[in-house]
Colleague: 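Pasting a structure here, questions to come.
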Amino acid sequence: MTPRGASRARRRALVGQLSEPVRSFLSTEAGGATLLLLAAVVALGWANSPWSASYEALRHTEAGVVVGGLELVMDLEHWVDDGLMALFFFVLGLEVRREVSVGELRDPRRATIPLLAGLGGMVLPTALYLLIAPGGEAARGWAAVIGTDTAFLLGALAVVGPVFSTQLRIFLLTLTVVDDIVAVSVIGLVYSDDVRVLPLLGMLVLGALIAAMSRAGVWRVAPYAVLGLVLWLVTLEAGLHASIAGMLAGLLVGAAEPRREVVDGAVERFRAFRQSPHVDVGRRASEGLARAVSVNDRLQASLHPWSSYVVVPVFALTNAGIDLRDGVLADALTSRLTWAVVVGLVVGKTLGIGLTCFLALRLRLGGLPSGVGPGHVLGGSALSGIGFTVSLLVVGLAFDDEQLRAQATVGVLLAAVLATLLGWALFRAAAVLRGEGDADLPRVLDRPVDPGRGDHVLGPHDAPLTLVEYADFECPFCAEATGVGAELRARFGEELRYVFRHLPLPDVHPRAELAARAAEAAARQGFFWQMHDVLFGRQDALERVELVGHAQDLGMDVDRFMLDLDDPEVAQRVRDDVASAEASGARGTPTFYVGEHRHTGPWDSQTLARALEAARDRGPTLPD
């Protein structure tokens, strides 16, 4: 996985390395699913216990804020649905914006299949729901089958899916972007009260201000928080559901990868604080760090755990508690409305997503991520039938009749169970019948280290520890990693051999491939490591004439160097390393392999040292 502060390719052949924010998002969502399930069980148990009256009393307890003549008073259920859930949708909006700006949705070729599949996963469920559900008020609940609960989906995938499913998780996360945007739009527009024009204009003005701050590079969180709160209040006044305010505000907060010059500035400020640990110096250091990370990322880091571990479980606690006694459950199980929800979510999502995906593949509109097979798609499509959070929110908004609400809620809960079981069955069938086990990138070094085949090695060739780096000479973070490699060689001495392999990313670093060929041309004269150091030290000088100048400065035979620079065998040597990177699961630079295993997470010297020490404890595993 590519940690934040690493170069990533844009073209589809080199996608799949996960940034640290995405890994954090996935782990938090999956972990929050446990609390979500527990809250739902508690709600159901409480609502069907002798203390059910206290459950209803709690939900309808009024609370509010009064300032002078202004007051905002709602019962607790509405505070959760209209208040806390706005924060939930704000976090979703932040994630969608990040995916569009710097993530999986940045490249349309990468996003085409999951986005089309997401649309199919809403159209067919809606059609099935309307076909099965009785008419009248029951038809108002059609939007309950269009959404997917991302937390529950990822939690279920962790339990019933392949052991390694990183690529499938990213595919499904991209797919749910469509669900999120459409579901919020439907909730905000279809299930809102009468819309008032003046507050609606105020919403547009506030949205424009948030977008303008983001574009202007305002890096402090407070202005966004204040405007977001005002936007929420104005949205309520406009008669729209608060989910619109949350999603809109999140979508307008820009996201960007850290810029090297800003990161370097933060480092200098921290060095100054280390030399002079005073309050004002520390404050400047803290500000420098904040400036280096986009507001979008910082808001996600601080709010996403609250959303997953507090907001969603509290929502489940207040909305999943349906009293199933006195024949309510029996009536629900024989109700067309209940089964309209179940069929829409379980059958509609599975077939809608799966068939749309396969049709798009047949039409060559895109491709599946590396490691993801058709069986994985069907299993993930089935798990997408877990609507839960969004579905329960729609049910609460669509039905005033308690009987209809109970029937639809039973349908949502039953669909979550059946979708999980169907996903498990499809994943098992894919593994047995198609051999589709892991849905992940390769994690093992594909080509063993072999100096005879051109591998560049520092340290004894028979050293017990091996660190392989795939790097790009134009990647600024690879240049920083050269210092990490030097620290590790100094620390481990003769125990470690360091291996350099090429992974130029020409779509983001246009001069990287030529620089890699220059290093290989220098290797033919025994100057590889000298040229290696010069290229990383002079990343602003990688044009052909400048490379020739480097060769001359190093005392090389310049005429021979120029001939070798264009030699097809030199170019092939670089392509061999790229092919090895592809086969080994390296998708960004720098990517490290400790022994034969791909290293994930940070690549600072301390982290890599711990990984090498762990490999030493396990014993050598990498054949020569």
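Position 1 is the first residue of the sequence, and the numbers go up from there. Predicted model, so just to flag it, every value in this text is computed and none were measured.
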Colleague: Between Ser214 and Val295, is there a side-chain heavy-atom distance shorter than 4.5 Å?
Modeller: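 The answer is no; the side chains never approach within 4.5 Å.
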Colleague: Evaluate the side chain to side chain contact (heavy atoms under 4.5 Å, CB included) criterion for residues Asp576 and Arg447: first the C-alpha distance (whole Å), next the side-chain angles of each, then the deciding distance (0.1 Å), finally the verdict.
Modeller: CA-CA 10 Å; Asp576 287 344; Arg447 191 184 74 210; 4.1 Å; yes
Colleague: For the pair Asp564 and Arg573, find out whether any cationic side-chain nitrogen is under 4.0 Å from an anionic carboxylate oxygen.
Modeller: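 Salt bridge between Asp564 and Arg573, a charged N being under 4.0 Å from a carboxylate O: no.
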Colleague: Measuring only between side-chain heavy atoms, which start at C-beta, is Val570 closer than 4.5 Å to Leu565?
Modeller: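 No - every pair of side-chain heavy atoms lies 4.5 Å or more apart.
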Colleague: Could you tell me the separation between the CG atom of Asp617 and the CG atom of Leu612, rounded to the nearest 0.5 Å?
Modeller: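 The CG atom of Leu612 is 11.0 Å from CG of Asp617, to the nearest 0.5 Å.
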Colleague: Ignoring hydrogens and geometry beyond distance, is a side-chain donor-acceptor pair present between Ser580 and Tyr470 at under 3.5 Å?
Modeller: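 A donor-acceptor contact under 3.5 Å links the two side chains.
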Colleague: Just by modelled atom types, is the Leu445 backbone N or O under 3.5 Å from a matching donor or acceptor in the His597 side chain?
Modeller: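 Side chain of His597 to backbone of Leu445: no pair is present.
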Colleague: Answer yes when Asp567 and Arg524 have at least one side-chain N-carboxylate O distance shorter than 4.0 Å, and no when they do not.
Modeller: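 Salt bridge: yes.
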Colleague: I want to check something: taking the side chain as every heavy atom from C-beta on, are Val499 and Thr466 in contact at a cut-off of under 4.5 Å?
Modeller: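 In short, these two side chains touch, coming nearer than 4.5 Å.
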Colleague: Looking at every non-hydrogen atom in both residues, tell me the closest pair between Glu494 and Pro464 and how far apart they are.
Modeller: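 Taking Glu494 first and Pro464 second, the nearest heavy atoms are O-CD, 4.3 Å.
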Colleague: Mind checking whether Leu467 and Val594 have side chains closer than 4.5 Å, heavy atoms only?
Modeller: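 Side chain of Leu467 against side chain of Val594, heavy atoms only: contact under 4.5 Å found.
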Colleague: Do Thr607 and Phe592 have side-chain heavy atoms sitting under 4.5 Å apart?
Modeller: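 Side chain of Thr607 against side chain of Phe592, heavy atoms only: no contact under 4.5 Å found.
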Colleague: Quick check: does any side chain N or O of Arg538 sit under 3.5 Å from a backbone N or O of Leu547, one acting as donor and the other as acceptor?
Modeller: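 No: the side chain of Arg538 does not pair with the backbone of Leu547.
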Colleague: Judged by atom type as modelled, is there a donor-acceptor pair below 3.5 Å linking the side chain of Ser384 to the main-chain atoms of Thr148?
Modeller: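 Not confirmed, Ser384 side chain does not pair with Thr148 backbone.
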Colleague: Give the minimum heavy-atom separation between Gly373 and Leu368, together with the two atoms involved.
Modeller: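 Smallest interatomic distance, heavy atoms only, reads C-CD1, 4.1 Å.
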Colleague: For the residue pair Pro568 and Arg575, what are the closest heavy atoms and their distance?
Modeller: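 So the two residues come closest at O-NH2, 4.3 Å.
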Colleague: Taking Arg517 for its side chain and Val574 for its backbone only, find out whether a donor-acceptor pair lies under 3.5 Å.
Modeller: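 Such a contact is absent between Arg517 side chain and Val574 backbone.
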Colleague: To the nearest 0.5 Å, how far apart are CD in Glu513 and NE2 in His502?
Modeller: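 With rounding to 0.5 Å, CD (Glu513) is 11.0 Å from NE2 (His502).
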Colleague: Restricting to ring pair (Phe, Tyr, Trp, His ring centres under 6.0 Å), what partner residues turn up for His456, sequence neighbours left out?
Modeller: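 By the ring pair (Phe, Tyr, Trp, His ring centres under 6.0 Å) rule, His456 matches Phe528.
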Colleague: If you apply the rule side chain to side chain contact (heavy atoms under 4.5 Å, CB included), what do you find for Arg97 with Val253, and how did you get there?
Modeller: CA-CA 7 Å; Arg97 177 59 186 267; Val253 178; 5.8 Å; no
Colleague: Just how far is it from atom CD1 of Ile353 to atom CG of Leu172, taken to the nearest 0.5 Å?
Modeller: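 Here the interatomic distance stands at 7.5 Å.
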Colleague: Can you confirm whether Met556 sits close enough to Gln530 that some side-chain heavy atom of one is under 4.5 Å from a side-chain heavy atom of the other?
Modeller: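 Contact flag for Met556/Gln530 side chains = no.
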Colleague: Which heavy atom of Leu542 sits nearest a heavy atom of Arg511, and at what distance?
Modeller: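 Looks like N-NH1, 3.6 Å.
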Colleague: Under the criterion side-chain contact (heavy atoms from CB on, under 4.5 Å), which of Val372, Leu383, Val377 is the partner of Leu168?
Modeller: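 Only match with Leu168 under side-chain contact (heavy atoms from CB on, under 4.5 Å): Val372.
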Colleague: Taking the side chain as every heavy atom from C-beta outward, state whether His304 and Leu94 have any pair of such atoms under 4.5 Å apart.
Modeller: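 Counting from C-beta outward, His304 and Leu94 never come under 4.5 Å.
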Colleague: Closer than 3.5 angstrom, by distance alone: can the side chain of Asp472 be matched with the main-chain N or O of Thr589 as a donor-acceptor pair?
Modeller: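 No, the answer is negative, given that no donor and acceptor are paired below the 3.5 Å cut-off.
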Colleague: Working note: Glu95 + Val91, criterion side chain to side chain contact (heavy atoms under 4.5 Å, CB included); need CA distance, chi angles, decisive distance, verdict.
Modeller: CA-CA 6 Å; Glu95 175 60 23; Val91 174; 5.7 Å; no
Colleague: Is the Phe500 to Phe473 ring centre distance short of 6.0 Å?
Modeller: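 Yes: the rings meet the under 6.0 Å criterion.
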Colleague: Sequence neighbours excluded, which residues qualify as salt bridge (Lys or Arg N to Asp or Glu O under 4.0 Å) partners of Arg453?
Modeller: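 For Arg453, no residue satisfies salt bridge (Lys or Arg N to Asp or Glu O under 4.0 Å) once neighbours in sequence are set aside.
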Colleague: Can you tell me how far CZ of Phe561 sits from CG of Leu563, rounded to the nearest 0.5 angstrom?
Modeller: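 If I round to the nearest 0.5 Å, the distance is 11.0 Å.
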Colleague: Kindly determine whether Ser381 and Leu175 satisfy side chain to side chain contact (heavy atoms under 4.5 Å, CB included), including the steps that lead there.
Modeller: CA-CA 10 Å; Ser381 302; Leu175 183 150; 5.8 Å; no
Colleague: Using every non-hydrogen atom in the two residues, find where Leu488 and Ser605 come nearest and quote the distance to one decimal.
Modeller: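 Where Leu488 meets Ser605 most closely, the heavy atoms are CD2-O, 3.5 Å.
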Colleague: Can a side-chain donor-acceptor contact be found between Asp297 and Ser294 if the only test is distance below 3.5 angstrom?
Modeller: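 The criterion, which ignores hydrogens and geometry beyond distance, is satisfied for Asp297 and Ser294.
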Colleague: With a 6.0 Å cut-off (strictly less than), is the heavy-atom count around CD of Gln572, excluding the residue itself, greater than 12?
Modeller: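 Atom CD in Gln572 is crowded, with more than 12 foreign heavy atoms closer than 6.0 Å.
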Colleague: Could you tell me whether the side chain of Arg491 reaches within less than 4.5 Å of the side chain of Glu613, counting heavy atoms only?
Modeller: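 Heavy-atom side-chain distance check passes, below 4.5 Å.
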Colleague: Any idea which heavy atoms bring Leu153 and Gly380 closest together, and the distance?
Modeller: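 Nearest heavy atoms, Leu153 then Gly380: CD1-O, 4.2 Å.
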Colleague: Rounded to the nearest 0.5 Å, how far apart are OG1 of Thr591 and CH2 of Trp603?
Modeller: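 Reported to 0.5 Å precision, the distance equals 10.5 Å.
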Colleague: Measuring from atom CZ of Arg497 to atom CG of Leu465, what distance do you get when rounded to the nearest 0.5 angstrom?
Modeller: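 Here the interatomic distance stands at 10.0 Å.
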